[in-house]
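First up is the structure itself, then whatever we jot down about it.
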Amino acid sequence: MAAPEISSPTPPSARATFVTGCGAGLLAGLASSGCMLLLNAFAHGVSLPEQVGATITALMPLSLFQFLQQLLGDEAKRYLLICVLLGQCLVFAVSGGLYLLVRRRWQVRPRLAQGPHLGDGLVLAALLWLFAGLVVLPLTGAGLFGVALSIGWLNSMWSLAASGLVFALLFSPAYRWLSASGIREELHRAEVSERRQMLLRRGLILGGVGLLAAFAFRFITQGAHAPSITLRGFKSRLVPPPRPNYGSLVPVPHLSSEITPNDQYYVVSKNLLADPVVNPASWRLSISGQVEQPYTLTYAELMALPMRSQYESMMCISNEVGGPYMSNALWEGVPLADLLQRARPQPGATKVVFYCADDYSDSLHLAKALEPTTLLAVRMNGVTLPERHGFPVRLLVPGIYGMKHAKWITRIEVVNYDYQGYWQQRGWSDEAQIRMTTRIDTPLDGSRLQAGSLTYIAGVAFSGDRGISEVDVSFDLGQSWQRATLKRPLSKLTWVLWELPWRVPTRAGSYTITARAIDLQGNVQDPHPAPPLPDGASGYHTITVIVS
Ligand SMILES: Nc1nc2c(c(=O)[nH]1)N[C@H]1C(S)=C(S)[C@@H](COP(=O)(O)O)O[C@H]1N2
Ligand SMILES: [Mo]
């Protein structure tokens, strides 16, 4: 009646198996996720976090999106990436634990005690690969194994397989390493799990408190920065419109340079980690849809077409009043009308859709697409369009927010229905007409000025394609206004630099400075504060300076 258990090693308990399996899945999953992101950045691989992140923002209620955007500002994209990556690692971890639990029920005791083998890693990785390709990607709208993505199913398949292989190779060594480092010891483990639970609880509380504090801070600082403007006597339109008082500006520090150098031009893209890198040799631009004569162009063919150059400023629809997402450049490109007319749009066509190498898309009304200043730009400030600004070709559409200036375009489709683009599917405006805005560049908000000294208040004003006729500055929250000098703009489509000399008061204290603009049609900038979502921000930029 000898007990055979005495001679064979004791298999770990179910709980220990699960916990260690989770740990191994987590470690292998971290490496696998890293591999996936690298392949996405450098080898046209698919990024699951990218796809899942886009789905989350698409499903999120507008009010929550708005709240998070206000709370996190520019950081929102980074937090989304981190959250989705954490979620992905959690899936890896739980799958590792569950796999070993299932295996535990099926396998004989002596083999169990040895932990998982390479074969287990391979089986689990294959299961995860199928799950990613057959469930996750289709749920994000990318189709089976990403058939609907620009990179295509082949790239998705092999890049997921490569990341899976990394997981497979690391899973069982990670398990062995974790069980060797003592986590298996019952007592110790109980203690660890208790401590872990406590840490987790504290982490959650800290996170919650931090989030609340951040929100409170934003709320307070925003409140402090948005004193209300006097609306008494406000006229929304002046007839006739003011005549611009152009003059020369004294150079002052911090005033935006009229032409933004390419390396300082603002950059915005939906992509959480990597923007597309397009090979001009294999790139094609196709023009199709509701047209008589669809065709495609190579990069060389596009570059050989007649070009037009224009100065145009751009602004992101998510730019806050006074925000940084506004720049100006000299662009060269082919008028979109030339390309569309060659394809001959059919009667009934209403919109033109732009599809991009990063699976972004947006549309224009056909009439806007046919305007002579709507360009497919290939050069920026005298050089080939830089990669991050959309190489090989991007759209330029004056008067409309940056959102519709699609980058890395690969396909243009003429349609006869109301297409909704990437950001429209997430609640942003489809008309997206730029709302007039004025920014005070100098003095800097919160800066100290010497009582009685002479200084300059200067900045930029922009109204898309409607020009600027007047910029006014107020020191009493809009009860009275002083007219600034304007620098004659480089074109009708750019921002205007403005400046007002100011004798700093001799009495110490804090002073508010507000600025607003009037366009060439006499429309006065909208004083009602509105957040960027859904139509773009409005309200007047107001700063505080301290005189001492
Ligand atoms: N393909 C693609 N085009 C895009 C975007 C994008 O994410 N993908 N972002 C848009 C947004 S929201 C803005 S504001 C502008 C920014 O262009 P810039 O980075 O050259 O300033 O590009 C637009 N074009
Ligand atoms: Mo944007």
Side-chain angles (χ1 to χ4, degrees), residues 47 50-51 53-54 57-58 65 69 73-74 76-77 80-81 149-151 256 259-278 283 285 312-320 323-333 353-364 374-381 383-413 420-435 437 462 464 494-495 531-537:
S47 158
E50 190 75 58
Q51 286 303 120
T57 54
F65 192 108
Q69 212 209 356
D74 304 347
K77 214 168 89 167
L80 178 64
L81 176 64
L149 296 176
S150 283
I151 52 165
S256 303
I259 300 169
T260 316
N262 287 354
D263 59 351
Q264 286 165 34
Y265 203 94
Y266 86 85
V267 179
V268 169
S269 87
K270 69 163 180 64
N271 305 306
L272 296 180
L273 201 78
D275 284 333
V277 176
V278 175
W283 175 85
L285 178 63
E312 188 207 315
S313 303
M314 276 171 57
M315 172 162 58
C316 181
I317 192 167
S318 68
N319 195 40
E320 303 272 354
Y325 300 118
M326 193 171 29
S327 301
N328 180 42
L330 174 63
W331 306 91
E332 287 164 71
V353 185
F354 304 85
Y355 294 94
C356 309
D358 58 347
D359 296 303
Y360 183 82
S361 67
D362 211 334
S363 65
L364 294 181
T374 302
L375 303 185
L376 284 184
V378 293
R379 290 168 69 77
M380 179 180 186
N381 285 330
V383 298
T384 302
L385 190 65
E387 246 161 32
R388 55 192 193 151
H389 296 294
F391 178 81
V393 63
R394 73 146 345 136
L395 189 68
L396 275 193
V397 44
I400 307 284
Y401 277 117
M403 182 170 63
K404 300 223 171 221
H405 292 54
K407 305 193 267 193
W408 312 291
I409 298 175
T410 56
R411 187 155 69 90
I412 299 175
E413 196 186 0
Q420 299 291 302
Y422 184 88
W423 287 116
Q424 285 71 47
Q425 291 165 26
R426 288 160 179 78
W428 295 80
S429 163
D430 190 36
E431 295 315 311
Q433 197 188 69
I434 288 177
R435 306 183 75 178
T437 196
F462 185 45
T494 66
W495 63 17
L533 201 122
D535 295 319

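Remember, it's 1-based here, ligands and their atoms both numbered in the order they're listed.
Within the listing of ligand 1, atoms 16 (C), 17 (O), 21 (O) sit less than 4.0 angstrom from a heavy atom of Met314. Heavy-atom contacts of Ala406 reach the following atoms of ligand 1: 3 (N), 24 (N) (cutoff under 4.0 Å). Residue Cys356 approaches ligand 1 through these ligand atoms, each under 4.0 Å from one of its heavy atoms: 1 (N). Near Tyr265, meaning under 4.0 Å from one of its heavy atoms, ligand 1 places the atoms 21 (O). Remark: ligand 1 atoms within the under-4.0 Å shell around heavy atoms of Val267 are 19 (O). Of all the atoms in ligand 1, the ones that sit under 4.0 Å from a non-hydrogen atom of Trp408 are 1 (N), 2 (C), 8 (N). Close approach of ligand 1 to Cys316 is summarised as follows: ligand atoms under 4.0 Å from at least one heavy atom of the residue are 14 (S). Heavy-atom contacts of Val268 reach the following atoms of ligand 1: 9 (N), 12 (S), 14 (S), 16 (C), 19 (O), 22 (O) (cutoff under 4.0 Å).
Applying the side-chain contact (heavy atoms from CB on, under 4.5 Å) test to Val267 and every residue at least two apart in sequence or in another chain returns Arg388, His389, Lys407. Scanning for side-chain contact (heavy atoms from CB on, under 4.5 Å) contacts around Ala54 gives Tyr422, Arg426, with sequence neighbours left out.
Remark: side-chain polar atoms of Ser327 are not paired, donor with acceptor, to backbone N or O of Thr260 under 3.5 angstrom. Put simply, the side chain of Trp331 never gets that close to the backbone of Leu376: no donor and acceptor are under 3.5 Å apart. In terms of modelled atom types and a separation under 3.5 Å, the side chain of Lys270 and the main chain of Asp359 share no donor-acceptor contact. Remark: side-chain polar atoms of Lys77 are paired, donor with acceptor, to backbone N or O of Ser269 under 3.5 angstrom. Remark: side-chain polar atoms of Asn262 are paired, donor with acceptor, to backbone N or O of Met380 under 3.5 angstrom. Here the side chain of Asn319 pairs a donor or acceptor atom with the backbone of Tyr325 at under 3.5 angstrom. With hydrogens and angles disregarded, a donor-acceptor distance shorter than 3.5 Å links the side chain of Gln425 to the backbone of Gln420. The closest donor-acceptor contact from the side chain of Thr410 to the backbone of Trp283 lies at 3.5 Å or more, if one exists at all.
When hydrogens are left out, the protein atom nearest atom 23 (C) of ligand 1 is Gly402 O, 3.3 Å; that is the closest non-hydrogen contact. Looking only at protein heavy atoms, the nearest one to atom 7 (O) of ligand 1 is Lys270 N, 2.7 Å. Looking at atom 8 (N) of ligand 1, its nearest protein heavy atom turns out to be Asp358 OD2, 2.8 Å. Protein heavy atom nearest atom 10 (C) of ligand 1, with residue, atom name and distance: Tyr360 OH, 3.7 Å. Closest to atom 3 (N) of ligand 1, if we only count protein heavy atoms, is Lys407 N, 2.9 Å. Nearest to atom 11 (C) of ligand 1 among the protein's heavy atoms is Met403 CA, 3.7 Å.
Considering backbone and side-chain N/O atoms, Ser269 never comes within less than 3.5 Å of an N/O atom of ligand 1. For ligand 1, none of its N or O atoms has an N or O atom of Trp423 under 3.5 Å away.
With a heavy-atom cut-off of 4.0 Å, Tyr266 touches ligand 1 through backbone and side chain alike. At a heavy-atom cutoff of 4.0 Å, ligand 1 is contacted by the backbone of His405 but not by its side chain.
In this comparison of Met326, Lys404, Arg394, the heavy atom closest to atom 17 (O) of ligand 1 sits on Arg394.
Atom CD of Gln424 and atom OG of Ser361 lie 8.0 Å apart (nearest 0.5 Å). Atom-to-atom distance recorded for Trp428:CH2 and Asp535:CG is 9.5 Å, nearest 0.5 angstrom.
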